[in-house]
Amino acid sequence: MAEPSTLTAKEFRTEIWNDWCPGCGDFGILNALHMALAQLGIPPHRTAVFSGIGCSGKTPHYINAYGFHTLHGRVIPSATGGKLANHGMEVIAVGGDGDGYGIGAGYFINAGRRNLDFTYIVYNNGVYGLTKGQASPTLRKGLKTKSMPEQAIIDGINPIALALGAGYTFVARGYALETKSLANLLARAIQHRGTALVDVLQTCPTYNDLQTKEWYAGEDRPDKQSRIYKLEENGYDPVVHNPADEEEIVAKKAQALVKSYENGEKIPVGVFYVLETSTMEDELSERNPEFAKTPLAEADFSQRDVSPLFDELA
Amino acid sequence: MAEPSTLTAKEFRTEIWNDWCPGCGDFGILNALHMALAQLGIPPHRTAVFSGIGCSGKTPHYINAYGFHTLHGRVIPSATGGKLANHGMEVIAVGGDGDGYGIGAGYFINAGRRNLDFTYIVYNNGVYGLTKGQASPTLRKGLKTKSMPEQAIIDGINPIALALGAGYTFVARGYALETKSLANLLARAIQHRGTALVDVLQTCPTYNDLQTKEWYAGEDRPDKQSRIYKLEENGYDPVVHNPADEEEIVAKKAQALVKSYENGEKIPVGVFYVLETSTMEDELSERNPEFAKTPLAEADFSQRDVSPLFDELA
Amino acid sequence: MASREFSWMIGGPQGSGINLAAETLAKAFSRGGYFVFANIEYHSNIMGKHSFYRVRVADREIRSHLDTTDLLVALDEETLFGDYHHNPEFPTHPGHVHELAAGGGIIFDSQFEKQVKEKLEDRDLRLYPLPYLDLLKEALGKLGRESEFKKFDIMKNTLALGATVAILDYDLDFVSEIIRQTFTGRKAKVAELNLTALETAHDYARKTFGDDFPHRLPARKRRDQILMRGAQAVAIGKLKAGLGFQTYYPISPATDEAVYLEEQQRKYNFVVVQTEDEVSAINMAVGAAHMGVRASTSTAGPGFSLMPEGVGFAAMTESPGPVIFLYQRGGPSTGLPTRSEQADLRFALHPSHGDFPHIVVACGDVVESFYDAFESFNWADRYQLPVIVLLDKFLATSYRTVPRPDASKLKIDRGLIYKPSDPRRDGYLRYAPTETGITPRALPGQEGGIFWATTDEHNPKGHISEGIEHRLAQMEKRMKKLQLAAQEIPSPYKYTLHGPQGADLTIVSWGSTKGPILDALSEMNADKKVNFLQLRLLRPFPVEEIAKILGKAKQLVSIEANFSGQMAGLLREMTGIRIPHLIVKYDGRPFSQNEIAEGVEKVLAGKEEKVVVSHPGG
Amino acid sequence: MASREFSWMIGGPQGSGINLAAETLAKAFSRGGYFVFANIEYHSNIMGKHSFYRVRVADREIRSHLDTTDLLVALDEETLFGDYHHNPEFPTHPGHVHELAAGGGIIFDSQFEKQVKEKLEDRDLRLYPLPYLDLLKEALGKLGRESEFKKFDIMKNTLALGATVAILDYDLDFVSEIIRQTFTGRKAKVAELNLTALETAHDYARKTFGDDFPHRLPARKRRDQILMRGAQAVAIGKLKAGLGFQTYYPISPATDEAVYLEEQQRKYNFVVVQTEDEVSAINMAVGAAHMGVRASTSTAGPGFSLMPEGVGFAAMTESPGPVIFLYQRGGPSTGLPTRSEQADLRFALHPSHGDFPHIVVACGDVVESFYDAFESFNWADRYQLPVIVLLDKFLATSYRTVPRPDASKLKIDRGLIYKPSDPRRDGYLRYAPTETGITPRALPGQEGGIFWATTDEHNPKGHISEGIEHRLAQMEKRMKKLQLAAQEIPSPYKYTLHGPQGADLTIVSWGSTKGPILDALSEMNADKKVNFLQLRLLRPFPVEEIAKILGKAKQLVSIEANFSGQMAGLLREMTGIRIPHLIVKYDGRPFSQNEIAEGVEKVLAGKEEKVVVSHPGG
Ligand SMILES: Cc1ncc(C[n+]2csc(CCOP(=O)(O)OP(=O)(O)O)c2C)c(N)n1
Ligand SMILES: Cc1ncc(C[n+]2csc(CCOP(=O)(O)OP(=O)(O)O)c2C)c(N)n1
Ligand code: SF4
Ligand code: SF4
Ligand SMILES: [Mg+2]
Ligand SMILES: [Mg+2]
């Protein structure tokens, strides 16, 4: 960022009625996103927010930017198409943990391979909010939230570990109720060149009575210490300093993997892993320099000459 | 295994015409599977082989056992349904790398969470064989096989790393052309209680002119040393010895992750990670002991009394 | 004399407990020997948006709701006058006061009294302002917990219930009993709180409000009836059919059924799996069906849009099922997730590429839902194909009093099972062409029964074959099974002609419109001769039978809750007969009894080809 | 005089180079001024299974293949007598010798000479045994590489080509030229090898075989024509239309088009993405279309079975596209992956839950494929909806000589684009209801154009609304666009009535049957008055126009390559008219010219309601 942004969070807000439950962690993420966008100074009309379906999926309606509230589990493919169609736009994809790691798991994984320059924010609340509280893929075995008739008999997913294996070049975790640091984290993710995952721990006061605000704050613990701590505060270095060094990459992934399994009494937030490497846009530009020059959506194709193709068939 | 098996590999063969290309690595996997089944002594009619679609997908037709050649990318869901319906059967799922890690990626990941007792064998040839040689998800960035018009501009997937992140309790890699050791590996995977992944490096002489038999054998290398080496020979210990010890689990995963990125001049095969823990069947049996007693498919439900359910509605 | 029937409505923001109040009231009247119909409207939202629940009660059979309300309970202002405060630019509804019948009443928070009086002064209505907060404090005070009143805002619903019972002069004990049964064990304290609130409001209403409400319902003789909704009827029908394996991915309005089933897993030996998506849900079910259990999945339109490939898989491999329960909701796409529509018919009839056999049946009401759920598994096994059972949000979630279904005569038929004379012999041909198209199936695990199933075209053994001869034989084999099904399925499962023969007007319809149509007919038939052809089996379509009935009809009108008249199109495709008048509704709300009558009136009056019925409402 | 037309066939195991031989021959005749039609049959297999390629050549227009072959080239024994060796229990085909026309010839490996003579002694055939191995060695010997002969087994195809040209007395230079153009650069060595083999066999055949083959084709005047197949025509049409974004997931027979496009990415600025599955393919395309590029995806039945949800997404959000190219193949399910069928029509017409607008068009031949591909993007943009273009394996992969399409008159129309008078004003309503249903769309990135698109029902601004008023307005808005499309799309894109008015028999058909039907008609019409109504626009269906034509027809027969007569069903649904005779084919092979004629004869002769045509073949 060269110039400080003249935009304020307010300019990214919409006036419509927000129908999330009172106290929902989604408000924290939304506010953080408003702040991050303002901080980065990208004009609203140069921003496109894609979402899946769920409580989280309603986010675009609450952001003053081009908004695409797509299908359940399909936010990554549609955002990918959108970004490739106009790589001049800032593309942000958001969705729930069911949306991204359940029905969308195949796209979540395959997006890691492309390293297209967009940011994916997952609202991780351990439940399927909008369908009334079934276990989401992040809910761990043995847990039972108030709306489940039986405890979970299958394991929860570790999204950070999966993102590392899938090839994401920016892997981070935030906490919805620490809005300011989340805003900074989101800004950093958006600025990253390549696909960035930010898994955000989000409280759902309506259905998740286990991972509550109080639980995160450690109120049940004898020492009343928050479960959340910041990776960076412990001198953790997520950055691959020599992207050409395969060994450093693997070592940084292994380090991040170990950290990602801290998920009980201590829960790290912050950036787990960063690698600066060529994006899919870079590769496409190398293949056809025209691609780099004008985003496809802005190019004029009305004069295309296909006669050489017919010639080949003569 | 208590008694040595009286079955031979021959009893698992079928008589029909095998239409794989001459020299295809699939033959190695098929033979190894015949041998493993014979070795384990499971009668053919107590075995069910499920497959996806692809060259690899034709496998069930070449095995004398109940065979389900399902849909592209859906072998895991259908095998999962099959196993839950009759947990008395030995269920083996097979399919291509496109099938499993591309279109099937979401199921590949989510299967890791369930730890149902079945074995999943992926024929990893770097290409979509049956559709004529497009890049499969395991083909790495920058590579170009002979049938591709352009080199791959997106990264390949690391299936071992993903399986670890997804929660598979047995994660292994084999090599199709070392049939005997592959047979042993498969037998071990089948015996494992829980979901076992065996990613098998498979040569496709027709479309993959990069990862050829000769390449694996290291014929292009100055030292002519095979690229393949066995994890176990280097004293690698994949087993979690204390399944209750979270830290050991994480350390073993990290160790496996590091090994899984060896994929150039040295390629490890063998078992990367093993954890003995409760399976989905165990959990279901705990919830309803009837489940353990008789597989659902063999139970008699003709006398079910639903009148208590009506009573509740009175 | 006061009327022995009435329509009640409670409205409020989601999360304010209208379900509990309405279902308690419905059950209280059902236990008191009345006929009850109760249905809900709500947003795809968890908390805050407007929802309302109707309860209609009568001393004769009823199966639908009315557009008018006799007693409206408003838990908030929006219920009265709409959401223009929340959505100034694009309000979504005008509230419910306009729906009140003449002489009807409104229970509302006394804080709005002035406003209500002003706005409604020229209407013939009884106003029952209830000081919710004071009554709540009073009730809590009786238990020494007055200071906690802020936590118990949710109990407004119970207060309204107490007032309702007082105004209607019904027996409060029925309500108390149900509240006690609802909150048991650790929740007994909650019961106590609610009972106190109930009584407090009841007392207040008796004392404060006049006893001139024109509907009064004394308790009647108890009847052996149950209060059931479609989702429950299906779930119980499935269990009775021997369901072994159920998959689902959460989706409105199908989830209710699956959640109900989930809760039965300790009582009955079967497994419910919440899958990672609907692709997995259908494919797991196919795998399980092939393996020998009765398997099923339940979903709504968006989920079904992910299942075509799996349906083709089942049909091609002649899997004995699964049975797919498709709960229609407002489409297209995500559409109106919590509203009702009947617009998935065409898609369900052609749910994948290629020609293949499958059965489609549409349940008309809660009783049929039970029997269809049961029978569909027999068809899946007999004909070795996937079956789609069509329901919708209206049917799934509406409660109705019905006699307890008789499950004793239901017979499970698993179809032809292969029994090798000598299991060591190796000659089983799973896909051998036969006269009927059906080949006995082996159960995996069985000796001598090894077979191969492939989604590719295949030879009699089940191995891939692209040979022309096998192709023709297998296509014919598969499609023949549909003919057999058409012959064997008993006629009541195919269609019913309700009402008099030789009527002046014949209504044709399918699915959940049955209730409102029958109710409208019973009002109408006094002076008009109208009958009603209900279609139930939609594939294989009973072409001859239906053509015959339609051919004899004097005048035809179709009724369905979709934009394009999908069933009318199907009828024309199958019989060539064009229905000249369509009554359609596509606002996402179910037909009321009045709307049916209104549509039919319009058709009878004029020449309108397409009558769209819809009323402003919440 | 020897005939100036002939049908040639080459058969052999997959991987034995029959494609190269047949396509070279086809091109050689096309360049020589002949009309050519060439089509292939092959298994879903990479190496070893039987495949064959037909090349038909004439000095007048032809558009289809015949069931008979004048000259058969057998690269293996199976091509002659079938696969009973490989598949003793369930053989799949009887070989091709039974298809030889009287007086025809067979080029085959001399090693089978005795056998061939014995089996075919009573047939009027010319036998051309070719000592493949000796000729190969001889050819290699000329280049000093005789010892490598084992590596060059693959060159049998070129040997057969040389012999073919000799027997037909065609000009070898055309063939040599093409071989030289095929293998250039690093492959020039391969060209040399093949040319030597070509000449060696040519010489041998001239010397050894008689010159009495009844078909002889002297070179004609060169014509400005191209040899093109459907997949190429589509790809070029798309590029001309300004395609910016193409997705695909590999699947037969759609992949050819995408691979062709992939190869053009350095020449034209656009992107082809091989996705992880078809769900991703459609959703990426919808995302891209919304973002402002012309977007498309191509697939076959199984892939399309994964796209319903995405189609609904596009329709609900009024996305300008994508255009979906659906290459039909043998179904259901995985079915016959490399065979042809027209059985996805019904599914394409109702490809998701709910009522929503989309356009379905079916191309009849390679020229229409080009124009439809182009025009479909204009429709997607004008009407802001997804468009499905139906093709099939037969059309996609069959080569035909056609005049070079004239692209100069084609105009790109991107439909109504929103242009704010003041971009800072905040009043854009992306979904404002309008007269026509169409609202100008903003291009994301544009100032003042911010909008919201949601798959939920919405208000004019694009925010979620479940309000009845918005629901009705939006449903009507969306569906109205179909009416507009029906009015605006010019009639040639809707249907064509080929042949004489007032014929005794009217054939109705759609899609790739056009070629064989026209060919059969041109043979038949001498004594019989038959015309042919080709349907092209299938949704919105031109009800009035078609009803009028059908109403006037004296006798009607439908022809389509599927089991159930899907188009006939659609016709009846739309017009009430029942086609009394169906000619269907569902063996996965395309109609030949003869089969059409045969079917029509049967219909004319008897009263058969459903004539199934099929012939044993490879
Ligand atoms: C294909 C499909 N299946 C199911 C649904 C129903 N559905 C709506 S939201 C949702 C899950 C929401 O959970 P999550 O993604 O975690 O988001 P949250 O509501 O928790 O933010 C589901 C299953 C759907 N809309 N589409
Ligand atoms: C839904 C669907 N999409 C596409 C295809 C076409 N298809 C058949 S096999 C195959 C890929 C095969 O690759 P892989 O899974 O790696 O198996 P291999 O042939 O290499 O063993 C594809 C895309 C299909 N059958 N179904
Ligand atoms: S259900 Fe949970 S996630 Fe959804 S809005 Fe309410 S609190 Fe938030
Ligand atoms: S294409 Fe490759 S994977 Fe398929 S059969 Fe041939 S060699 Fe094997
Ligand atoms: Mg969630
Ligand atoms: Mg592969």
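The chains referred to below are lettered A, B, ... by the order of the sequence lines, with proteins before strands, and numbering in each begins at 1.
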Decide yes or no for D:D224 and A:F310: does some side-chain heavy atom of the first lie under 4.5 Å from some side-chain heavy atom of the second?
no
Measure distances from A:K58 to the heavy atoms of chain D and classify the residue's part below 4.5 Å as side chain, backbone, both or neither.
side chain
Counting distance only, does the side-chain N/O of D:R404 pair as donor-acceptor with the main-chain N or O of A:A314 below 3.5 Å?
no
Main chain of D:L239, side chain of A:R304: is a donor-acceptor contact present, judged purely on distance under 3.5 Å?
yes
With a 4.5 Å cut-off on side-chain heavy atoms, are A:F301 and D:V293 touching?
no
Between the main-chain N or O of A:I63 and the side-chain N or O of D:W452, is there a donor-acceptor pair closer than 3.5 Å?
yes
D:T275 versus A:N110: any side-chain heavy-atom pair under 4.5 Å?
no
To the nearest 0.5 angstrom, please state how far the OG atom of A:S307 sits from the CD1 atom of D:I236.
10.0 Å
Identify the heavy atoms of A:Y66 and D:A442 that sit nearest to each other, and give their distance.
OH-CB, 4.4 Å
Check: A:Y62 and D:H463 side chains under 4.5 Å, non-hydrogen atoms
no
Where does A:D311 contact chain D at under 4.5 Å (heavy atoms): side chain, backbone, both or neither?
both
Report the option among D:L443, D:I412, D:V279 that has the most heavy-atom pairs separated by less than 4.5 Å from atoms of chain A.
D:V279
Who among A:K83, A:E298, A:R113, A:E312 has the most heavy-atom pairs with chain D under 4.5 Å?
A:E312
Considering only heavy atoms and a distance below 4.5 Å, find which of A:L309, A:T47, A:V49, A:D305 pairs most often with chain D.
A:L309
Return the option, out of A:E90, A:K293, A:H45, with the maximum number of heavy-atom pairs under 4.5 Å with chain D.
A:H45
Donor-acceptor side-chain pairing of D:Y268 and A:N288 below 3.5 angstrom
no
Per-residue contact mode, A:P44 against chain D (heavy atom under 4.5 angstrom):
both
Side chains of D:P444 and A:M89, heavy atoms from C-beta outward: is any pair under 4.5 Å?
yes
Option that, when pairs with chain D are counted at under 4.5 Å, heavy atom only, ranks first among A:A85, A:G67, A:A79, A:P289
A:G67
Should D:F313 and A:F68 count as side-chain neighbours, where that means a heavy-atom distance under 4.5 Å?
no
Hey, what do you get for CD (D:Q265) to CD (A:E290), rounding to the nearest 0.5 Å?
14.0 Å
To the closest 0.5 Å, what do you measure between CZ (D:F245) and CG (A:N86)?
12.5 Å
Could you walk me through whether D:D456 and A:I53 pass the side-chain contact (heavy atoms from CB on, under 4.5 Å) check?
CA-CA 9 Å; D:D456 281 281; A:I53 298 285; 4.2 Å; yes
Quick one: pull up CD in D:Q225 and CG in A:L313 and give me the separation to the nearest 0.5 Å.
12.0 Å
Checking heavy atoms, do the side chain of D:K461, its backbone, both or neither come under 4.5 Å from chain A?
neither
Is chain A contacted by the side chain of D:Y428, its backbone, both, or neither, given a heavy-atom distance below 4.5 Å?
neither
At a heavy-atom separation under 4.5 Å, does D:Q181 approach chain A through its side chain, its backbone, both, or neither?
neither
So what's closer than 4.5 Å to chain A heavy atoms on D:Y399: side chain, backbone, both or neither?
neither
Can a donor-acceptor pair be found, under 3.5 Å and without considering hydrogens, that links the side chain of D:T455 to the backbone of A:L71?
no
Do the side chains of A:Y107 and D:M284 get nearer than 4.5 Å, heavy atoms only?
no
In Å, rounded to the nearest 0.5 Å, how long is the span from CG of A:L284 to CG of D:N269?
9.5 Å
Heavy-atom pair of closest approach, residues A:P77 and D:N283:
CB-CB, 3.7 Å
Specify the closest pair of heavy atoms between A:R287 and D:R266, including all atoms of both residues, with the distance to one decimal.
O-NH1, 3.6 Å
Compare all side-chain heavy atoms of A:L296 with those of D:M291 and state whether any distance is below 4.5 angstrom.
no
Less than 4.5 Å to any heavy atom of chain A: does that hold for the side chain of D:T317, its backbone, both, or neither?
neither
Count the heavy atoms of every other residue, nucleotide or ligand shown that sit under 6.0 Å from CD of A:E286, and state whether that count exceeds 12.
no
When only pairs under 4.5 Å are counted, which of A:P295, A:A65, A:P60 shares the most heavy-atom pairs with chain D?
A:A65
D:I282, part contacting chain A, at a heavy-atom distance under 4.5 Å
neither
Closest-packed option against chain A by number of heavy-atom pairs under 4.5 Å, given D:G462, D:A295, D:S30, D:P405:
D:P405
